[in-house]
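Worksheet: one structure, shown below.
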Amino acid sequence: MHASLDGFVAGPNGEMDWINVGDDMFEFAGKQTDRSDTALYGRVTYGMMQSYWPTAGDQPNASKHDKQHSGWYNKVHKVVLSTTMQESNMSNVQIINKNLYNSIIGLKESGGQDIVIFGSPTAVHSLMAENLIDEYWLFVNPVLLAKGIPLFKNFNDQVKLKLLSTDTFGSGVVCLHYEKI
């Protein structure tokens, strides 16, 4: 998840125009998604992703990243955390709107590859409240927002983390990879 140096994931109105990306970061993210067979989204982020990624790789001016991520997006199992969406009739899409803890534990125990979540601060906050996040990949952007949607919210107990790696990108973004201990 992208975050500002002062701990926000979006501006007060959901703005994300401050996020820095580049080819080196897309390459890095592609390696992470290749290790995943399930993607978690909140309702809003899923809507944004679904409106772009299914055909992004087919566009005449599609970048290498667009082609790679579009191919991954179209094959990956998508799980949407939402209290308002009903069960989807789309293949490869599962809606979780109740029993969050048991549903996520079931996904983890299904024996697949990694499960990743993109953005989706409300969904992340719900997962944090249930202590369901095993690893954090934080892309800290060199900006101070002063206000907005906080990265960390609604968790009840201290969460101890171990730093596994750091990566720095040409844009000045630093990726911090932590696991829960």
Side-chain angles (χ1 to χ4, degrees), residues 1-3 9 16 19-58 62-82 85 88 90-97 99-141 151-152 159 161-169 173-181:
M1 177 168 304
H2 284 273
V9 297
M16 294 184 291
I19 293 174
N20 290 297
V21 294
D23 289 339
D24 55 348
M25 191 180 302
F26 288 140
E27 188 74 26
F28 180 85
K31 291 176 184 173
Q32 305 311 309
T33 56
D34 286 347
R35 296 188 342 226
S36 307
D37 63 357
T38 302
L40 285 173
Y41 301 101
R43 177 189 52 82
V44 173
T45 302
Y46 172 73
M48 289 189 303
M49 300 294 246
Q50 188 62 23
S51 71
Y52 182 75
W53 287 113
T55 60
D58 301 331
S63 68
K64 176 183 172 186
H65 168 68
D66 286 348
K67 292 175 185 175
Q68 186 273 337
H69 196 76
S70 180
W72 176 82
Y73 181 85
N74 286 325
K75 71 178 181 182
V76 72
H77 178 66
K78 290 167 271 303
V79 177
V80 183
L81 307 183
S82 172
M85 289 178 71
S88 171
M90 296 176 61
S91 66
N92 248 2
V93 178
Q94 173 186 355
I95 309 297
I96 295 177
N97 54 20
N99 300 320
L100 177 65
Y101 183 83
N102 290 333
S103 297
I104 298 300
I105 293 298
L107 283 174
K108 288 180 175 187
E109 292 175 349
S110 69
Q113 294 177 303
D114 288 350
I115 301 170
V116 296
I117 186 164
F118 291 94
S120 308
T122 302
V124 168
H125 296 155
S126 296
L127 293 167
M128 288 180 70
E130 297 286 340
N131 198 26
L132 290 166
I133 299 177
D134 299 325
E135 294 184 20
Y136 292 85
W137 292 83
L138 306 176
F139 292 84
V140 181
N141 285 252
L151 171 60
F152 298 112
V159 178
L161 303 172
K162 175 183 176 185
L163 181 64
L164 298 179
S165 64
T166 61
D167 291 275
T168 304
F169 301 97
V173 172
V174 176
C175 176
L176 304 171
H177 177 201
Y178 292 97
E179 72 177 353
K180 183 172 62 176
I181 53 174

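The analysis underlying the following values was restricted to heavy atoms, covering all of them including side chains, and did not include hydrogens, waters or symmetry mates. Numbering of residues begins at 1 and proceeds along the displayed sequence.
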Rounded to the nearest 0.5 angstrom, the CG-CG distance for D58 and N74 is 7.5 Å

Look up atom NE2 in H125 and atom CD in E130, then write down how far apart they are to the nearest 0.5 Å.
14.5 Å

Does D37 use its side chain to pair, donor to acceptor, with the backbone of Q113 at less than 3.5 Å?
yes

Y73 and side-chain hydrogen bond (donor to acceptor under 3.5 Å, both in side chains): which partner among Q68, Q50, K78?
Q50

Under the 3.5 angstrom rule, does the side chain of T166 hit a backbone N or O of L176 as a donor-acceptor pair?
no

Is there a side-chain contact between W53 and D66 (heavy atoms, below 4.5 Å)?
yes

Distance from Y136 atom OH to L161 atom CG, nearest 0.5 Å?
6.5 Å

Does E27 have any side chain to side chain donor-acceptor pair (under 3.5 Å) partners at least two apart in sequence or in another chain, and if so, which?
K64

Return the minimal non-hydrogen interatomic distance between L81 and A123, and the atom names on each side.
CD1-CB, 3.8 Å

So, T33 side chain and G30 main chain: donor-acceptor pair closer than 3.5 Å or not?
yes

Are the side chain of W72 and the backbone of S36 linked by a donor-acceptor contact shorter than 3.5 Å?
yes

Can a donor-acceptor pair be found, under 3.5 Å and without considering hydrogens, that links the side chain of N141 to the backbone of N20?
yes

Could you check V140, L138, V21 and say which one makes a side-chain contact (heavy atoms from CB on, under 4.5 Å) with H2?
V21

Rounded at 0.5 Å granularity, tell me how far CG in L40 sits from OH in Y46.
13.0 Å

Roughly how far apart are F118 CZ and Q32 CD, rounded to 0.5 Å?
9.5 Å

When rounded to the nearest 0.5 angstrom, what is the spacing between CD1 in I115 and CD1 in I133?
11.5 Å

Where do A56 and A62 come nearest, in terms of heavy atoms and distance?
O-CB, 3.3 Å

Exercise: identify the closest heavy-atom pair between L151 and A3
CD2-CB, 4.1 Å

Smallest separation among heavy atoms of N92 and V76, with atom names
ND2-O, 3.2 Å

Donor-acceptor under 3.5 Å (S120 side chain, Y41 main chain)
no

Can you tell me how the ring of H65 sits relative to the ring of F26, calling it parallel under 30°, perpendicular over 60° and tilted otherwise?
parallel

Qualifying side chain to side chain donor-acceptor pair (under 3.5 Å) pairs with a residue from residues 99-109, counting only residues at least two apart or across chains:
K108-D134

Minimal heavy-atom distance between V9 and P121, with the atoms involved, is CG2-CB, 3.6 Å

Going by the rule salt bridge (Lys or Arg N to Asp or Glu O under 4.0 Å), which residues pair with D23 if we only count those two or more places apart in sequence or in a different chain?
none

